[in-house]
Amino acid sequence: MTPDVLYVDDELDNLTVFEATFEDQFHVRCVTSAEEALAALERTPIPVVIADQRMPGISGVELLEILRQKHPHTKRIILTGYIDASAMLDAINQGQVYYFLTKPWQRETVAAVLIRALEAHRLELANSALMNQLVASQQLAMLGQATAKIVHEMSNQLCLAPLLEHIEHNYQHDPELMQLFQFTQGMYDRMSLLLNDLKAFLRSASRDCLMLPLSLSSTVQELVSFLRFDRRLSGVPIEVELIDDLTVCGHKVRLQQVLANLIKNAAYAIRDRDEGRIRVIVEKRQERALIHVEDNGCGIPAEIQNRIWDPSFTTKDAEGNGLGLDICRELVAAHQGEIWCESEAGCGSRFSISLPLNESTSHVAVAAANSTFAGTCSASNGF
C-alpha cells in the first residue's frame, strides 16, 4: 500500500511539480492552505505533512503547531525558500518539526526524509500501542490488588455466624426475631458465596499468567525504547548495561510493568539533580538472573525503608497512589523471584530483582558486555 503524504503550498506550480516528482513512491495529497490541510486530516489520518512556511493566513509553522496539538503522531516537515534563523527556531520550538527542508529541494534528499519520517511514524504508533498495553496491564494489576484487599477485609468483618447460631438456638419463641434471623441468614449466605466466588476468581487470575521463556536483554531494551516517547519524562537519561545475556521464564508485560515502576521512582528521585542518572543492569549471579535499577537521587531515609512496600504508603502526595511497589513485589513473587532495596539518604537507591534462570536454555555472556543508550522512563505508581 502506497503511503500517504500531505503537501501544503499556496502556489499551484509547486504542488504540481511535487506531486509529479513523488507520485511513483508516495500517495501525494496536495492542498493550497492550512485550513484545507486541517480539514483533510480530520477526514483521514495522514502520517507525514510537508508545509511551505510562507503562506497567506496561517503560516507553515503555525499549522505545524496546530498539528502537534491535534495530531501528535503525524510527522511534521517545514519547507521554505528563505533561510530565516528565527523561522527555523519557531518551527523547532513551536511545531516540533521532524525536518527542515529548504528550496530548491533535491528529489533524493526529500525522498530520503519522507521515508525516514514514515518509518518514524510507524515506530511511534507501535510504541504507543505497547505503552497502552503496559498501562492497561498496570491498571488491571492495581484493580486486582485492590479487589483482593477488599475481599480480605470483608471476610474479616463477616463474622456473624456465631451470633446467628446463638439467635437460632435461644430465641425460637420470638417470631419477629426469628424472621429477622432468616433475613440476616440469607444475606450472610449470599455475601459468603459472593466472597468465595471473588476469591476463586482472584486465584484463577493469578494462575492464568502465562509464563514463557524470554530474553531479559530484549525485554529491557524494548521497554526503554518505547518509554522514551513518554512526554511527561522527556529528557530523563537511562543507561542500560547488559553484562550477561539471560533467559528467564516469565510474562514480558508484567516484568516490564515492574521495571517501569522502578524507573519512574528513580526519575522522581533525581528530579532535582543537575547530573541525575539512572542505570538498568542485567547480570547473572549464583545461578540467578539479577536486574538492578539504580539512581543517584535523593535516596530513602533508613526509618522508612521498610515501609515503602506497604500498600498505602507513599511519599509522592498527589503524584502517586502508593500501590506501585506493593504491586511490584506481588508480580515478582508470581515469577518465583525476590525484590529488595538498598538506599542511602542523599546518595541514591538501588532496587534489585532476582529471578530463576530458565533451566532449558543455556546462558552465554554478551560479546559486547556493555550497551548504553538514552531513553526516558514511563508512568507508574511508586513510593
Side-chain angles (χ1 to χ4, degrees), residues 131-212 250-258 260-262 264-265 303-341 379-383:
M131 175 71 76
N132 290 337
Q133 183 184 11
L134 182 66
V135 171
S137 174
Q138 184 177 37
Q139 291 172 339
L140 287 174
M142 292 178 184
L143 179 60
Q145 187 78 7
T147 303
K149 290 178 174 63
I150 292 171
V151 169
H152 179 73
E153 184 61 26
M154 290 181 67
S155 298
N156 289 340
Q157 298 301 320
L158 200 62
C159 53
L160 296 176
L163 176 59
L164 292 175
E165 291 176 2
H166 177 76
I167 293 173
E168 184 180 20
H169 292 155
N170 295 284
Y171 294 91
Q172 293 280 347
H173 60 279
D174 190 330
E176 184 177 356
L177 191 56
M178 291 307 298
Q179 185 178 8
L180 290 174
F181 159 76
Q182 292 174 357
F183 173 78
T184 306
Q185 180 70 59
M187 183 173 62
Y188 173 83
D189 291 341
R190 288 192 296 273
M191 186 66 71
S192 297
L193 182 62
L194 175 62
L195 289 175
N196 287 335
D197 287 345
L198 282 171
K199 289 177 182 178
F201 172 76
L202 290 170
R203 285 194 295 269
S204 174
S206 64
R207 289 194 300 269
D208 289 343
C209 179
L210 182 61
M211 302 292 185
L212 297 172
H251 190 284
K252 180 190 287 187
V253 172
R254 294 191 180 183
L255 281 178
Q256 287 180 336
Q257 177 188 341
V258 172
N261 272 277
L262 299 180
K264 173 63 182 297
N265 288 346
E303 61 271 17
I304 67 171
Q305 287 186 23
N306 290 332
R307 298 174 58 200
I308 62 175
W309 308 101
D310 293 345
S312 59
F313 182 76
T314 179
T315 62
K316 288 187 175 181
D317 300 323
E319 295 186 49
N321 61 19
L323 293 176
L325 288 178
D326 184 43
I327 290 175
C328 285
R329 184 168 58 178
E330 294 292 335
L331 293 179
V332 171
H335 288 76
Q336 287 76 53
E338 298 178 275
I339 182 171
W340 66 92
C341 172
S380 70
N381 308 282
F383 54 81

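Quantities reported herein were computed from a predicted structural model and do not represent experimental measurements. Count residues from 1 along the sequence.
Annotation for Leu325 and Leu262: closest pair CD2-CD2, 3.8 Å, computed over non-hydrogen atoms. Between Glu168 and Gln172, the shortest heavy-atom contact is O-NE2, 2.6 Å. Leu255 and His335 make their closest contact through CG-NE2, 3.7 Å (heavy atoms, listed as atom of the first residue, atom of the second, distance). When all heavy atoms of His251 and Met211 are compared, the closest pair comes out as N-SD, 3.6 Å.
The shortest distance between side-chain heavy atoms of Gln257 and Asn261 falls below 4.5 Å.
Note that the CZ atom of Arg307 and the CD atom of Gln305 stand 12.5 Å from one another [nearest 0.5 Å]. The line from SG of Cys328 to CG of Asn265 is 7.0 Å long, rounded to the nearest 0.5 Å. To the nearest 0.5 angstrom, Glu338 atom CD is 11.5 Å from Arg329 atom CZ.
With a 6.0 Å radius and a threshold of 12 heavy atoms from other residues, nucleotides or ligands, Gln179 has its CD atom at or below the threshold. Other residues, nucleotides and ligands contribute more than 12 heavy atoms inside 6.0 Å of the CG atom of Asp174.
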